[in-house]
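Indexing begins at 1, ligand by ligand and atom by atom, following the structure's order.
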Amino acid sequence: MRYLAGAVGILAIVFLCCLAYAWRSEIAPIEPPAVASFDAALVQKGAALAAVGNCNVCHTKQGGEVFAGGLELPTPFGTIYSTNITPDPDTGIGRWSEEAFARSMREGVDREGRHLYPAFPYDHFTKVTDDDNRALYAYLMTRKPVKAEAPANELPFPLNVRMVLAGWKLLFFKPGAYEPDETQTAEWNRGAYLAEGLGHCGACHTPRNLLGAEKQDERYAGGEAEGWLAYALNAASPAPVPWTVETLTAYLTTGYEEHHGVARGPMAPVTANMKSAAEGDARAIATYIASVMGEPSPERTSRGGRAMQQPTQHPPGVEVQAAGGQTLPGQFDANDPGAAIYATACASCHDAGRPVPYGGLPLRLSSATYGPTPMNPINVILYGLPAPEGERGPIMPGFAGALTDTQVAQLLAYIRKTFSDQPEWKDTEALVAKIRAGEHDTQLRSLGSGSSAPANPTKRETSW
Ligand code: HEC
Ligand code: HEC
Ligand code: HEC
């Protein structure tokens, strides 16, 4: 009996300790500060930082006002809605002091002391400096207040109890500012600070464990976001032509690089935002990411060189109309249905030197051809690439209506075999069917995933 009392006593103490750990105090509400009280230069700095942080991507629902929240973020655990971060006093963060804002970024706790779900990537934002939080706060507090209540999250018990997040944080959350590496250059440190912090690149590019936390021993090894593969950005980068600081900078700031192709899916808004980043920041991020990838092996370098030097090589297929109007002859393996589909549906744009917006890059240069799964090329083949709004940019039609699942699988088998040196993809047809049905397995997705659009690509009519 005494032992039992002792055990109960110990349990009670453990429970109280947990509560004490889990408990965060409220920070008193303030009167919304006047717009004029913020320095214009600080606001401008905040705007550039918010672009790197992609705050607009998650905090704006389709057709909704910027930063007014309400975007649905599906996770394997249930649905979380982003909140209103406009300075509306009742439904937004108008009554948040700078201290409350900075605490939410650093600790993932709201003004009233409640734990926030890591779908808000504070596991990265914790690295942001006080100065940068001050600028972000100035920027957000000078936006137009919008009255908009975020819908309630749809999470099962016990995940709907925010206190539970204290346990998640204890296990996986390492709060703390970025610590510069003195052995590296200032540019590298700037890039690391932004990529690891505000840019939260690892939120998509690092695989996650079953509880939705990034696997720290597999950083940048490739992850999944919204039914797209976020390629490895470490030594395992599948890019046939190794990335360099220059090509990464071009890709990040324009969403396109001539020897790598276009940024699609959830990467598209990242690159669209990067245009508004402060001068030099995209290059700093590129410098850091290039060092994470490391020097490519001599084999990869020579493979990349070969891939770039090959003249536009129309497939051993039917006649192709080239850019200059001349007809390129060819013969193809009549026994390979994939080759015939490629020759008739794809080659005129991807293999005939046709310029952008309709000319796609030769597929032997694309990470999509070399990636560990065909998820991304399936998305592109089925749903195409819409023209960027109001801009001249790459356009590709979707083939969902023209090709059956079997045909897409045959086409992909042909592309993989012909344009890469990688082993064949397995179970491609089943994956095509799943993606077409919008039921693509989102197991790798998680509480912290950077979801920004509906999982079904047919609905992805993003406005960025
Ligand atoms: C990957 C998606 C994502 C990105 C990117 C993102 N947020 Fe959020 N944010 C969320 C979600 C989801 C919540 C709500 C979490 C919850 O309910 O626990 C949230 C909550 C917040 C909150 C707490 C608001 C409240 O009312 O409790 C603040 C403040 C915030 N975000 C600011 C920002 C800022 C500033 C940025 C850009 C630097 C940003 N967020 C980028 C998803 C995101
Ligand atoms: C919301 C999820 C998400 C975030 C955040 C994100 N990425 Fe990506 N990224 C992707 C996806 C998905 C792809 C694949 C896009 C495609 O197929 O075109 C990608 C592709 C890339 C590529 C091309 C790789 C290749 O070999 O083709 C680079 C480089 C890249 N991202 C860098 C970054 C950097 C740097 C950051 C942080 C500043 C970042 N990404 C943040 C999802 C994300
Ligand atoms: C009307 C022209 C056109 C046709 C037809 C076309 N594409 Fe594309 N495709 C493009 C453009 C433009 C891009 C974007 C620019 C780029 O990435 O090279 C693109 C991009 C791609 C990509 C992504 C490449 C990357 O890494 O950025 C893949 C994969 C792809 N197409 C496969 C196909 C396949 C397979 C077919 C045949 C079923 C096809 N395309 C038919 C124009 C076309």
Side-chain angles (χ1 to χ4, degrees), residues 49-50 52-59 69 71 73 80-85 92-93 96 101 104-105 108 110-112 114-122 125 128 136-137 140 150 153 162 165 194-195 198-205 223-226 228-233 237-239 243 248 251-252 256 260-271 274 285-286 288-289 341-342 345-350 354 356-363 365-371 376-377 379-381 384-385 393-397 399 402-403 408 411-412 415 448-452:
L49 290 168
V52 176
N54 290 309
C55 321
N56 58 345
V57 176
C58 287
H59 284 278
L71 180 75
L73 305 176
I80 295 176
Y81 292 89
S82 66
T83 51
N84 179 348
I85 54 169
I93 58 168
W96 289 39
F101 173 76
S104 72
M105 295 284 285
D110 75 2
R111 186 189 65 74
E112 284 157 278
R114 288 177 302 216
H115 291 286
L116 293 164
Y117 291 98
F120 171 34
Y122 53 80
F125 293 170
V128 177
L136 284 163
Y137 179 72
L140 289 175
N153 295 334
R162 286 181 181 270
L165 291 168
L194 291 171
L198 267 184
H200 63 280
C201 314
C204 298
H205 287 278
E224 205 186 305
E226 296 163 48
W228 291 77
L229 180 66
Y231 299 115
L233 299 180
S237 158
W243 288 98
L248 282 167
Y251 176 87
L252 288 174
Y256 180 79
H260 296 87
V262 67
R264 304 149 298 214
M267 190 59 198
V270 175
T271 57
M274 200 64 81
I285 293 174
Y288 173 66
I289 295 294
I341 299 168
Y342 179 81
C346 321
S348 66
C349 289
H350 282 282
R354 207 173 166 180
V356 176
Y358 297 109
L361 90 167
L363 294 179
L365 296 179
S366 173
S367 296
T369 311
Y370 281 77
N376 295 6
N379 285 331
V380 175
I381 292 169
L385 298 162
I395 304 170
M396 171 174 151
F399 291 84
L403 300 174
V408 175
L411 171 62
L412 284 164
I415 289 174
S449 144
S451 300
S452 61

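His260 does not count as a contact of ligand 2, since none of its heavy atoms falls under 4.0 Å from the ligand. The closest approach between a heavy atom of Ile415 and any atom of ligand 3 is below 4.0 Å. For the ligand labelled ligand 2, residue Ala203 lies outside the 4.0 Å heavy-atom shell. Using a non-hydrogen distance threshold of 4.0 Å, Val262 registers as a contact of ligand 2. Heavy atoms of Leu229 come nearer than 4.0 angstrom to ligand 2 in at least one pair.
When non-hydrogen atoms are compared, ligand 3 lies under 4.0 Å from the backbone of Leu361 as well as from its side chain. For Pro397, every heavy-atom contact with ligand 3 shorter than 4.0 Å involves the side chain, none the backbone. Residue-level proximity to ligand 1 for Ala50 is absent, since no heavy atom of it falls below 4.0 angstrom. Contacts with ligand 1 closer than 4.0 Å are made by side-chain heavy atoms of Leu140 only, the backbone lying farther away. Heavy atoms of Asn376 found under 4.0 angstrom from ligand 3: none, in either backbone or side chain. Of the heavy atoms in Leu49, none comes closer than 4.0 Å to ligand 1. In Ser104, the part holding a heavy atom less than 4.0 Å from any atom of ligand 1 is the side chain. At a heavy-atom cutoff of 4.0 Å, ligand 1 is contacted by the side chain of Leu73 but not by its backbone. By the criterion of a heavy-atom distance under 4.0 Å, the side chain of Ser367, and not its backbone, is placed next to ligand 2. Using a 4.0 Å cut-off between heavy atoms, Leu116 contacts ligand 1 through both its backbone and its side chain. With a 4.0 Å cut-off on non-hydrogen atoms, Ile285 touches ligand 2 through its side chain and not its backbone.
Across Cys58, Ser366, Gly261, Cys201, heavy-atom proximity to atom 34 (C) of ligand 2 is greatest for Cys201. Taking each of Tyr251, Phe399, Tyr342 in turn, the one with a heavy atom nearest to atom 41 (C) of ligand 3 proves to be Phe399. Considering each of Glu224, His200, Arg264, the one bringing a non-hydrogen atom nearest atom 18 (O) of ligand 2 is Arg264. Closest heavy-atom approach to atom 15 (C) of ligand 1 within the set Tyr122, Tyr117, Phe101, Tyr137: this belongs to Tyr117. The option with the heavy atom closest to atom 38 (C) of ligand 3, from among Cys346, Ala239, Ala402, Ala345, is Cys346. With Ala368, Cys349, Gly384 as candidates, the residue nearest to atom 43 (C) of ligand 3 on a non-hydrogen basis is Cys349.
Remark: side-chain polar atoms of His59 are paired, donor with acceptor, to backbone N or O of Thr83 under 3.5 angstrom. A donor-acceptor pair under 3.5 Å is absent between the side-chain atoms of Tyr288 and the main chain of Leu194, judged by distance alone. For the pair Arg162 (side chain) and His115 (backbone), a donor-acceptor distance under 3.5 Å is present. Looking only at distances, no side-chain donor or acceptor of Ser82 sits under 3.5 Å from a matching main-chain atom of Gly69.
Rounding to the nearest 0.5 angstrom, the gap separating the CG atom in Leu198 from the CG atom in Leu136 is 5.5 Å. Going from atom CD1 of Ile80 over to atom OH of Tyr117 covers 6.5 Å, rounded to the nearest 0.5 Å. Here OH of Tyr256 is found 13.5 Å from OG1 of Thr271. Values are rounded to the nearest 0.5 Å. Distance check: Asn379 CG to Arg264 CZ gives 9.0 Å after rounding to the nearest 0.5 Å. Residue Ser366 holds its OG atom at 5.5 Å from CG of Leu361, rounded to the nearest 0.5 Å. For the atom pair OH of Tyr81 and SG of Cys58, the computed distance is 14.5 Å after rounding to the nearest 0.5 Å.
Ligand 1 has no nitrogen or oxygen under 3.5 angstrom from a nitrogen or oxygen of Asp110. Taking distance alone, with nitrogen or oxygen atoms compared against 3.5 Å, Trp243 approaches ligand 2 more closely than that limit. Polar contact with ligand 2: absent for Trp228 (N/O pair, distance under 3.5 Å).
Interface of Asn54 with ligand 1, defined as ligand atoms under 4.0 Å from a residue heavy atom, comprises 5 (C). Each of the following atoms of ligand 2 lies closer than 4.0 Å to a heavy atom of Leu248: 29 (C). Close contacts of ligand 2 with Cys204, meaning ligand atoms under 4.0 Å from a residue heavy atom, involve 1 (C), 2 (C), 3 (C), 4 (C), 5 (C), 42 (C), 43 (C). For ligand 2, the atoms sitting less than 4.0 Å from at least one non-hydrogen atom of Leu233 are 28 (C), 29 (C), 30 (C), 32 (C), 33 (C), numbered in the order shown with element in parentheses. Every atom of ligand 3 with a heavy atom of Leu385 under 4.0 Å away is listed here by number and element: 13 (C), 14 (C), 19 (C), 20 (C). Atoms of ligand 2 found under 4.0 Å from any heavy atom of Gly199 (numbered from 1 in listed order, with element): 37 (C). Less than 4.0 angstrom separates some heavy atom of Ala263 from each of these atoms of ligand 2: 18 (O). The atoms of ligand 3 that sit less than 4.0 Å from any heavy atom of Leu411 are 35 (C), 38 (C). Near Trp96, meaning under 4.0 Å from any of its heavy atoms, are these atoms of ligand 1: 23 (C), 24 (C), 25 (C), 26 (O), 27 (O), 29 (C). Residue-ligand proximity, Tyr231 to ligand 2, at heavy-atom distances under 4.0 Å covers atoms 14 (C), 17 (O), 24 (C), 25 (C), 27 (O). Numbered from 1 in the order shown, with element, the atoms of ligand 3 that lie under 4.0 Å from a heavy atom of Gly359 read 12 (C). Contact atoms of ligand 3 toward Ile395: 10 (C), 11 (C), 12 (C), 42 (C) (distance under 4.0 Å to a heavy atom of the residue).
Shortest distance from atom 8 (Fe) of ligand 3 to His350 is reached at NE2 (N/O/S atoms only).
Ring orientation note: the planes of Trp243 and His260 are close to parallel, at an angle under 30° on the 30°/60° scale.
Closest approach of Ala239 to Ser367, counting heavy atoms only: CA-OG, 3.3 Å. Across all their heavy atoms, Ile289 and Ala195 have their closest contact at CD1-CB, 4.5 Å. Scanning both residues, Pro269 and Val57, for their nearest heavy atoms gives CB-CG2, 3.7 Å.
Among Ile93, Asp110, Leu116, the single residue meeting the side chain to side chain contact (heavy atoms under 4.5 Å, CB included) criterion with Ser104 is Leu116.
With sequence neighbours left out, Ala230 forms a side chain to side chain contact (heavy atoms under 4.5 Å, CB included) with Cys204, His205. Here Tyr231 pairs with Asn376 under the side-chain hydrogen bond (donor to acceptor under 3.5 Å, both in side chains) rule; sequence neighbours left out.
Taking backbone and side chain together, His59 holds an N, O or S atom under 2.8 Å from atom 8 (Fe) of ligand 1. The nearest N, O or S atom of His205 is closer to atom 8 (Fe) of ligand 2 than 2.8 Å.
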